[in-house]
Structures are given as structure tokens and as C-alpha cells.
Amino acid sequence: MNLRVFDSEQQAAAACAARIAEAVRDTPSLVLGLPTGRTPLNVYRELVALSARGALDLSRASTFNLDEFFGLPPEDAGSFRSYMERHFFQHVNLAPERIHFLDGSAPDAEAECARYDAELAAAGGLDLVLLGIGANGHIAFNEPGDSLLAPCHRVKLGRETRLANAALFGDDPARVPLEALTLGMASILQARRVLLLAFGARKAEAVSAMLHGPVTPRCPASFLQLHRDVEVWVDPSAAGPGRGVGATR
């Protein structure tokens with residue numbers, strides 16, 4: 001796992017957007033795995049700016065979002081689909097049929113998860129997945145526990161995760177859905193390239209556990225130690241004490 005510490009979150013976001021744009025230029029039909037939440041917001045702003053300047057063409061690319069709240073229809077203002085429409089999809093030239101998303105309002109969660117896994121398999125898997133990390137070490141909505149699930153699945157969200165997503169629901173954690181649908185660990189670990197972003201002191205403990213701790217379901221992100229191509233990009237606060245600007249193993 002390669003760690004790079006940037007002077008600021010904005011600097012990391014600009015570099016991340018440039019890396020994604022480069023990957024799309026190299027492989028126009030790139031299959032991207034995309035997150036939501038606060039962490040990728042500046043990346044999406046940078047990608048939109050690149051698109052507006054003609055420096056990013058997503059017309060042949062495909063996207064698969066990592067997760068969605070269970071019980072919310074796509075048009076709900078708190079859904080991750082609505083988040084992506086507001087911050088990204090409406091502002092770039094992604095073909096609608098190449099945007100893939102879990103339907104949180106599907107009546108049969110297991111069937112919906114199986115459908116999503118099948119769509120991703122038909123697309124050839126993820127070429128590049130952009131990840132955040134929860135303060136509890138989760139990636140996508142794979143929460144810490146005694147074990148982790150490989151396929152896409154329905155998951156009960158932990159209190160810390162629901163608190164972290166309260167901004168989408170008027171800063172009221174009680175309104176955050178109790179469950180979600182998420183890509184499983186298999187799809188993430190089978191991605192050809194992984195780029196994980198983490199910003200702020202509250203992520204420092206999780207970043208340290210991911211990089212230096214044991215591989216354990218108690219820190220789902222620690223399984224990225226088993227992947228052959230992972231970049232972890234952080235700001236000084238998330239890097240923890242004693243980390244300077246640069247790259248290290």
C-alpha cells in the first residue's frame with residue numbers, strides 16, 4: 001500500500017481528479033467505482049471543472065456506485081443517487097445507461113444485490129475504485145464485525161456511520177436509515193486499482209489500523225493490505241503525527 005501525504009485536502013482532490021482523468025484518457029471505457037459522503041465532494045468538483053474545460057470525456061466510461069440507503073427511492077433528497085445527481089452526474093457527459101446504481105427502494109433486497117453483482121460482472125469488474133474510509137474502518141458500507149461478506153448485501157449501519165451521514169438528513173441522525181445496500185468486499189478487492197482518500201484527524205486512527213494493523217474484519221479497510229495496487233492519499237491530520245509530505249510503503 002502506497003501512502004502519500006498532501007499539504008491539504010484540496011491539493012489531494014485536485015491530484016485525484018487528474019489521476020482519474022488520466023485513467024479515462026488511457027482507457028475511455030473505464031469502469032469506475034464511486035463513493036459518496038463528504039470526502040469525495042472536492043474530487044467531484046474538480047472532475048466537473050475538468051469536464052467543463054474539455055479535459056475529461058466520460059461518454060464511454062461506466063460508473064458503479066458503492067452503496068445506497070435501504071428503503072429510500074432514488075429521487076429521495078437523502079439518497080446517494082440524489083447526491084450523485086446533484087454533485088456529479090448532471091454536470092458531466094456520462095451516458096445515462098452507463099450509470100449503475102443500487103435501488104434502495106427495491107422490494108427484494110437480496111434480488112437487487114444479486115442484480116447489481118451480475119451487472120458489475122457483465123461490465124468486467126471495476127477498473128478503478130475510489131474509496132473513503134469510515135472512522136470505524138469501514139469501506140463502502142462494509143461495517144466492522146466478526147466477519148465480512150464477499151457479495152453485494154444488505155447491512156445494518158452502525159451508530160457512528162449513521163452520525164457521519166446525518167448531514168444528508170438535516171443533521172438529524174435519527175432520520176438516517178438503519179440499513180443500506182452495499183457492494184461486498186469481493187468487488188472492491190477485485191478492482192484493478194484502488195485509490196483511497198482520508199482527511200481530518202478523526203480518520204487518523206482508522207488510517208493507521210488500515211495500513212499497519214492486522215488484517216481483520218474489525219477493520220474492513222485492513223483487507224486492502226492484500227491488494228496489489230492501492231494508493232492511500234491523506235492530509236497531514238489523517239496521516240497522524242510524524243508523517244511528512246511524500247510517499248512511503
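Quick note: numbers below take in every heavy atom, side chains included, and nothing from hydrogens, waters or symmetry partners.
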**Report entry** Steps toward side-chain contact (heavy atoms from CB on, under 4.5 Å) verdict (Val230, Asn2)
**Finding:** CA-CA 6 Å; Val230 179; Asn2 297 305; over 6 Å; no
Report task. Please lay out, stage by stage, how Met84 and Leu34 fare under the test side-chain contact (heavy atoms from CB on, under 4.5 Å). Result -> CA-CA 9 Å; Met84 291 300 298; Leu34 297 177; 3.9 Å; yes
Query raised in the report: Step by step, would you call Glu231 with Arg19 a salt bridge (charged side-chain N to carboxylate O under 4.0 Å, His left out)?
Result: CA-CA 11 Å; Glu231 294 181 77; Arg19 178 65 60 85; 2.5 Å; yes
Requested in this report: Let me see the working for Asp146 and Arg218 under salt bridge (charged side-chain N to carboxylate O under 4.0 Å, His left out), right down to the final yes or no.
Outcome: CA-CA 7 Å; Asp146 294 330; Arg218 292 294 174 183; 2.2 Å; yes
Report task. Start with the C-alpha distance between His91 and Phe88, add both sets of side-chain angles, then the distance that settles side-chain contact (heavy atoms from CB on, under 4.5 Å), and finish with yes or no. Result -> CA-CA 5 Å; His91 310 289; Phe88 191 50; 5.7 Å; no
Requested in this report: Kindly indicate, with the supporting measurements, whether the criterion side-chain contact (heavy atoms from CB on, under 4.5 Å) is fulfilled by Leu211 and Leu224.
Outcome: CA-CA 8 Å; Leu211 293 170; Leu224 294 174; over 6 Å; no
Requested in this report: Given ring-ring contact (aromatic ring centres under 6.0 Å, His included), test His87 with Tyr44 step by step and report yes or no.
Outcome: CA-CA 7 Å; His87 296 295; Tyr44 293 141; 7.8 Å; no
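Remark: Glu110 CD is loosely packed, at most 12 non-hydrogen atoms of other residues, nucleotides or ligands lying under 6.0 Å away. Summarising the local packing, CD of Glu205 is surrounded by 12 or fewer heavy atoms from other residues, nucleotides or ligands at distances under 6.0 Å.
For the pair Pro74 and Ser79, the tightest heavy-atom approach, listed with the atom from each and the gap, is O-OG, 2.8 Å. Closest non-hydrogen pair, Arg162 versus Pro173, comes out as NH2-O, 3.1 Å. Shortest non-hydrogen contact noted between His153 and Asn142 is CE1-OD1, 3.1 Å. Shortest non-hydrogen contact noted between Cys152 and Asp117 is N-OD2, 2.9 Å. Ser59 approaches Asp57 most closely through the heavy-atom pair OG-OD1, 2.9 Å. For the pair Val5 and Ala239, the tightest heavy-atom approach, listed with the atom from each and the gap, is CG2-CB, 3.8 Å.
Side chain of Glu68 to main chain of Phe80: a donor-acceptor pair is present (N/O by atom type, distance under 3.5 Å, no hydrogens or angles). Tyr83 places a side-chain N or O within donor-acceptor distance of the main-chain N or O of Gly37, the cut-off being under 3.5 Å. Side chain of Tyr116 to main chain of His100: a donor-acceptor pair is present (N/O by atom type, distance under 3.5 Å, no hydrogens or angles). Side chain of Glu9 to backbone of Ala198: no donor-acceptor contact under 3.5 angstrom is found. Using a distance-only test at 3.5 Å, with no hydrogens or angles considered, no donor-acceptor pair links the side chain of Asn65 to the main chain of Asp67. Within the 3.5 Å criterion, the main-chain N or O of Ala191 finds a donor-acceptor partner in the side chain of His227. Counting only distance, with no hydrogens or angles, the side chain of Ser222 and the backbone of Cys219 share a donor-acceptor pair below 3.5 Å. Looking at Arg175, its side chain never comes within 3.5 Å of a backbone N or O of Ala166 through a donor-acceptor pair.
No side-chain heavy atom of Ile188 sits under 4.5 Å from any side-chain heavy atom of Phe223. Inter-residue side-chain proximity for Thr39 and Lys203 is flagged as met; some heavy-atom pair is nearer than 4.5 Å. When side chains are defined from C-beta on, Leu196 counts as touching Ile139, because their heavy atoms get closer than 4.5 Å. Contact annotation: the side chain of Phe6 never approaches that of Asp235 to less than 4.5 Å [non-hydrogen atoms, C-beta and beyond]. Between Arg193 and Asp127 there is no side-chain heavy-atom pair separated by less than 4.5 Å. Between Val129 and Leu66 there is a side-chain heavy-atom pair separated by less than 4.5 Å. Between Leu120 and Leu126, the closest side-chain pair of non-hydrogen atoms falls below 4.5 Å. Two residues are said to be in side-chain contact when any heavy atoms from C-beta on lie closer than 4.5 Å; Glu112 and Arg154 fail this criterion.
Between Phe141 and Phe69, the ring planes are tilted. Angles from 30° to 60° get that label. Ring geometry for Phe89 versus Phe101: interplanar angle over 60°, hence perpendicular rather than tilted (30 to 60°).
Cluster membership check: Val215 shares its hydrophobic cluster with Leu148, using side-chain heavy-atom separations under 4.5 Å among Ile, Leu, Val, Met, Phe, Trp and Tyr. Leu178 and Leu149 fall into different hydrophobic clusters, defined by Ile, Leu, Val, Met, Phe, Trp and Tyr side-chain heavy atoms under 4.5 Å apart, directly or through other members.
With values rounded to the nearest 0.5 angstrom, Leu102 atom CG is found 12.5 Å from Leu72 atom CG. In this structure, Arg228 CZ and Met1 CE are separated by 15.5 Å, a value rounded to the nearest 0.5 Å. Atoms CG and CZ, on Asp108 and Arg115 in that order, are 12.0 Å from each other to the nearest 0.5 Å. Atoms CG and CG, from Leu183 and Leu189 in turn, are 11.5 Å apart once rounded to the nearest 0.5 Å. Atoms CG and CG, from Leu58 and Leu47 in turn, are 7.5 Å apart once rounded to the nearest 0.5 Å. The CD atom of Gln11 sits 7.0 Å away from atom CZ of Arg4, with the distance rounded to the nearest 0.5 Å.
Ser105 and Asp103 share a donor-acceptor pair across their side chains, judged by distance under 3.5 Å alone. For the residue pair Thr161/Glu143, the side-chain donor-acceptor check at 3.5 Å is satisfied.
Screening Leu30, Val92, Ile99 for a side chain to side chain contact (heavy atoms under 4.5 Å, CB included) with Thr63, the sole residue that qualifies is Ile99.
Electrostatic pairing of Glu22 and Arg25 does not count as a salt bridge here, judged by no charged N lying under 4.0 Å from a carboxylate O.
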